[in-house]
2 protein chains.
Amino acid sequence: MKDVAARAGVGLKTVSRVVNGEQGVSVDTEHRVREAITALGFRRNDSARTLRKGRTASIGLVLEDLADPFYAPLSRAVEEVARAHGALLINGSSAESPEREQELVLALCARRVDGLVIIPAGDDHRYLTPEIDAGVAVTFVDRAPGLIEADVVRSDSYGGAREGTAHLLAHGHRRVGFLGDQPHIQTATERLRGYRDAMAESGLPVDPAWTSLGPTDPERISAETRRMLTGPRPVTALFAGNNRTTVTVVRELAAHQGPPVALMGFDDFELAELLTPPVSVVAQDPAQLGRTAAELLFRRLDGVTEPPRQLTLPIRLVARGSGELHPYE
Amino acid sequence: MKDVAARAGVGLKTVSRVVNGEQGVSVDTEHRVREAITALGFRRNDSARTLRKGRTASIGLVLEDLADPFYAPLSRAVEEVARAHGALLINGSSAESPEREQELVLALCARRVDGLVIIPAGDDHRYLTPEIDAGVAVTFVDRAPGLIEADVVRSDSYGGAREGTAHLLAHGHRRVGFLGDQPHIQTATERLRGYRDAMAESGLPVDPAWTSLGPTDPERISAETRRMLTGPRPVTALFAGNNRTTVTVVRELAAHQGPPVALMGFDDFELAELLTPPVSVVAQDPAQLGRTAAELLFRRLDGVTEPPRQLTLPIRLVARGSGELHPYE
DNA sequence: TTGAAAGCGCTAACAG
DNA sequence: CTGTTAGCGCTTTCAA
């Protein structure tokens, strides 16, 4: 910028004005400055700008796994909102590890992102308190933060699981299995609770063998699916607790010998309608989740101060066939 | 940092040494400094550090659409490599618009990312020359840059399309349709060329009605699919030029009345093996693409100077059923 | 082992 | 309309 000023024969501040499109530069001067800028290939150094202004015009997004199709639309939606506010998006995957989440979040804070959208992996977010006090805006998505207060945007996990399970029961099932994520993940336990309540409301007992919470790697899910489908009291329907699980269950059911098993999945996924049978789901809207969270974040950045908000987005039951199968006995 | 120094009763530089784990601080002093750091909730301001050091330890990734399942593993792989090198990943979607690509790239450069991994949307990248001269490392993925020299990592589009088409021909097809992306996207024309060469090698003419390049929105793809399947000389097999297209074609074929149509898709996609019939594809390895590109980038950042490299990764034909259907006549 | 001073490139505040 | 000065928070250099 100094060089540009020298070449254009003007002061530093004038160049700054031109670069930032500020008022108060004569057309002629502006022209000379612009010429110098192009000639020198000058581009403003945003690090210096950030240092001076205190704002980076960038926000961070921390999610579990960028490659999970569920998060792709969410991430995209956050990016869109950021772009609309002139901000860049820095993102990272926590790989469901609380340590990695913290490491990532603190790295983003060191870079002085203006705000953070976090899909929490851990359940203790007190490490964020100094950052929040220092002015970083934080919004949580999909799950509530642990031990701190902050904005949260979630889907109605409990209601969705309850409605999905009730849907299976309405089609005559009495032995329904539930395959969920690890118990330390809030949504997993909430969905399990929805399942249990739906069963209870129909006066049905839940055999402990019918529920399974744990890692969603295909090996475990496949093994648990097989286990629930065999034995003295096999389930006639399954509720899969998230999209990764549903896909694995579908694979397992395709290989499964015997009468058709009903299936409801939590989360929608691409091509669900083209499988045999088409897969019924209770669907969240990940893009809406991301959009809402990002907008909430920018509201905070725009200076809106109000107590932390807890938003819950509704869930939509999509009946396609697999959830409407009747029990085989 | 100043505050920390004051509180610990040491000089600024000593705090800096402790924060950066440098040599030459007595155990006792270090202890005092660390205490002050925790007490004050101090975190190094990376903007200032960047300004001083000239390196940001962050790289940019510019792709078409974060929500496209094809790019998710790629993005993830780049992130992994970045993480291994202690760098953060900033990413953005160009939405296939050359203007937006440039805007995004320049924004990333203004932020002084150390390097860029770009899946180009445009075909003129001369705007990058000043940045490259200024020391930004750039690697292109999936397609070559336009009018500049730089590292490129690609899949063998030509060979894959040729092999996939030949596979259909080997199963007896003589009228094969090709549905591709917009002609200004390199991979689209290369895949078309592979298709044409495979046809020519079998001595088969290509009716202009059998090929279609253009936007991959479902409406256009569906309409073109229907068009190719009707009329006086309908195709008996289709080659779909990318994963988005393949999925749309699958949907269209599922709704299609009449004898089964063979299908080969470019790019693999989740659940392809569970469709009816299972979809045969020529598959790239997007994670490998991303990993290779990122590693090439960091080689450059580590100071390796060698002429730009052009890497081509092989493609794998996955026969699942849809590509092995014989023609219906 | 420690610290003082200079300066990275920019913008805010205040002159002219 | 334009320029000068100070300083954002850090690291580099050099001296103690």
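In what follows, chains carry the letters A, B, and so on, assigned in the order in which the sequence lines appear, proteins first and then strands, with residues in each chain numbered from 1. Side-chain atoms are counted along with the backbone in the values below, which use heavy atoms only and exclude waters and symmetry mates.
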Closest to the [X] side chain: [options]?
X      : options                  : value
R49(A) : dC10(D), dT2(C), dC10(C) : dC10(C)
M1(B)  : dT2(D), dT11(D), dT11(C) : dT11(D)
T14(A) : dC10(D), dC10(C), dT2(D) : dT2(D)
L12(B) : dC10(C), dT11(D), dC8(C) : dT11(D)

[X] has an atom [atom1]; how far is it from atom [atom2] of [N], in whole Å?
X       : N       : atom1 : atom2 : result
K53(B)  : dA6(C)  : NZ    : P     : 22 Å
K2(B)   : dA5(C)  : NZ    : P     : 14 Å
E22(A)  : dT2(D)  : CD    : P     : 13 Å
D46(A)  : dC8(C)  : CG    : P     : 18 Å
R55(B)  : dT12(D) : CZ    : P     : 13 Å
D3(B)   : dG9(D)  : CG    : P     : 9 Å
R111(A) : dC8(D)  : CZ    : P     : 22 Å
Q23(A)  : dC1(D)  : CD    : P     : 8 Å

Using atom types as modelled and distance alone, determine if a side-chain donor or acceptor of D142(A) lies under 3.5 Å from a backbone N or O of R154(A). no
Within the structure shown, what part of the strands sits under 4.0 Å from [X] by heavy-atom distance: base, sugar-phosphate, or nothing?
X      : answer
V10(A) : sugar-phosphate
T50(A) : nothing
R17(B) : base
N20(A) : sugar-phosphate

Between [X] and [Y], does at least one N-O distance fall below 4.0 Å, as a salt bridge requires?
X      : Y       : result
E64(A) : R143(A) : yes
R44(A) : D46(A)  : yes
K13(B) : E22(B)  : yes

Hey, does I90(A) have a side-chain heavy atom less than 4.5 Å from the side chain of I59(A)? no
How many angstroms lie between OG1 in T139(A) and CD1 in I118(A), if you round to the nearest 0.5 Å? 9.0 Å
The answer to which of K13(B) and S47(B) contacts DNA chain D further toward the 5' end, by nearest nucleotide, is S47(B)
Quick check: on DNA chain D, is the nucleotide nearest R52(B) upstream (toward 5') of the one nearest G11(A), or the reverse? Name the residue that is more 5'. G11(A)
Counting only side-chain N and O atoms of S16(A), is one of them less than 4.0 Å from OP1 or OP2 of dC10(C)? no
DNA chain C: L51(B) or G9(B), which has the more 5' nearest nucleotide? G9(B)
Let's test your reading of the model: under 3.5 Å, does the base of dG9(C) pair with the side chain of R112(B) as donor and acceptor? no
